[in-house]
Amino acid sequence: MLFHRKVILIEHQTLEIGKFDIKVNGAYDNIKTFPLHVKKGKKLFVYVKSDNGVDISIVDSMGMNEKFVGAVKDKIIGPLPINNKGTMALVLGVFPGDLSHVEIEAWMK
C-alpha cells in the first residue's frame, strides 16, 4: 500500500461562506475557491460538511467543470480521475444572503 497513500491537498478546516461583507462585490462573501495541485493518474476525493447546504464545483486543470453537486450537507465526492498534472480548483458557493458553516478536506490517492 506504499503507492496508495493519502496525499492531503486541503487540510481539514472550517469556514463560513456567505458572510455579509461590504468590501465584496454584491456585499456577500458567498463564493470560496481553493487550488488543488494534483498529479496525473491519481484519484481526487473531497469531503464537505455544512449546516445549511453548499454548492460544490470541481474544475479540472483545463478549466472544465469536472463535477457539480448542489446543496451538500455531508458528502465525500470521489473518486474523480485526475487526467492531467496541474492545478484543479474546488469552488464552494451559497446564494447571496445564505450563510453556511462548512468543513472541508481534499486529498488524492
Side-chain angles (χ1 to χ4, degrees):
M1 287 298 188
L2 176 65
F3 298 106
H4 295 287
R5 69 169 207 228
K6 184 176 181 178
V7 176
I8 302 295
L9 301 172
I10 300 174
E11 297 267 346
H12 184 270
Q13 59 183 283
T14 59
L15 55 123
E16 285 184 330
I17 300 176
K19 289 190 336 186
F20 180 77
D21 185 351
I22 197 67
K23 295 177 246 170
V24 175
N25 188 18
Y28 290 97
D29 191 12
N30 61 322
I31 298 173
K32 300 283 186 188
T33 59
F34 300 89
L36 304 170
H37 303 288
V38 297
K39 294 182 182 177
K40 183 178 179 174
K42 302 282 187 180
K43 304 281 186 196
L44 175 66
F45 298 84
V46 175
Y47 169 71
V48 177
K49 182 176 181 179
S50 69
D51 60 350
N52 221 10
V54 64
D55 293 343
I56 302 165
S57 180
I58 299 172
V59 180
D60 68 14
S61 61
M62 304 300 285
M64 301 299 293
N65 187 42
E66 185 74 24
K67 181 80 172 177
F68 175 82
V69 184
V72 171
K73 289 196 172 186
D74 192 2
K75 185 171 185 117
I76 293 178
I77 300 168
L80 296 174
I82 300 170
N83 298 320
N84 296 307
K85 179 181 177 181
T87 304
M88 295 177 74
L90 170 63
V91 182
L92 306 174
V94 296
F95 286 104
D98 288 350
L99 179 66
S100 265
H101 298 87
V102 180
E103 294 179 38
I104 62 167
E105 183 177 356
W107 65 95
M108 65 181 170
K109 280 188 170 182

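Keep in mind that the numbers below use all heavy atoms, side chains included, and drop hydrogens, waters and symmetry copies. Along the sequence shown, the residues carry numbers beginning at 1.
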With sequence neighbours excluded, residues passing ring-ring contact (aromatic ring centres under 6.0 Å, His included) with Tyr47: none
Spacing of Lys109 atom NZ and Lys42 atom NZ [to the nearest 0.5 Å]: 11.0 Å
Hey, can you pull the donor-acceptor pairs under 3.5 Å for the side chains in residues 80-101, sequence neighbours left out?
residue, atom, partner, partner atom, Å
Thr87, OG1, His37, ND1, 3.1
Ser100, OG, Gly53, O, 3.2
His101, ND1, Asp51, OD2, 2.9
His101, NE2, Glu16, OE2, 2.7

Distance in Å, Leu15 CG paired with Glu103 CD, rounded so as to fall on 0.5 Å steps: 9.5 Å
Show me the donor-acceptor pairs within less than 3.5 Å that the side chains of residues 18-27 make with the rest of the protein, sequence neighbours left out.
residue, atom, partner, partner atom, Å
Asp21, OD1, Lys23, N, 3.0

Spacing of CH2 belonging to Trp107 relative to CD1 belonging to Ile10, to within rounding of 0.5 Å: 10.5 Å
Over all atoms of both residues, closest heavy-atom pair of Asp55 and Ala71: OD1-N, 2.8 Å
Single-linkage hydrophobic cluster Ile76~Leu9, side-chain heavy atoms < 4.5 angstrom: no
Pro79 to Phe45 - nearest heavy-atom pair and separation: CB-CZ, 3.4 Å
Evaluation steps, side-chain contact (heavy atoms from CB on, under 4.5 Å), between Lys75 and Val48: CA-CA 6 Å; Lys75 185 171 185 117; Val48 177; 5.8 Å; no
Phe34 side chain reached by Val46 side chain, heavy atoms, under 4.5 Å: no
Rounded distance [0.5 Å steps], CD in Glu105 versus CD in Glu11: 7.5 Å
Same apolar cluster: Phe68 and Leu36, side chain cutoff 4.5 Å: no
Nearest non-hydrogen partners of Ile17 and Ile31, listed with the distance: CG2-N, 4.3 Å
Euclidean distance, Met108 CE relative to Leu44 CG, rounded to 0.5 Å: 8.5 Å
Closest approach of Ser57 to Asn65 (non-hydrogen atoms, all atoms of both residues): OG-OD1, 2.5 Å
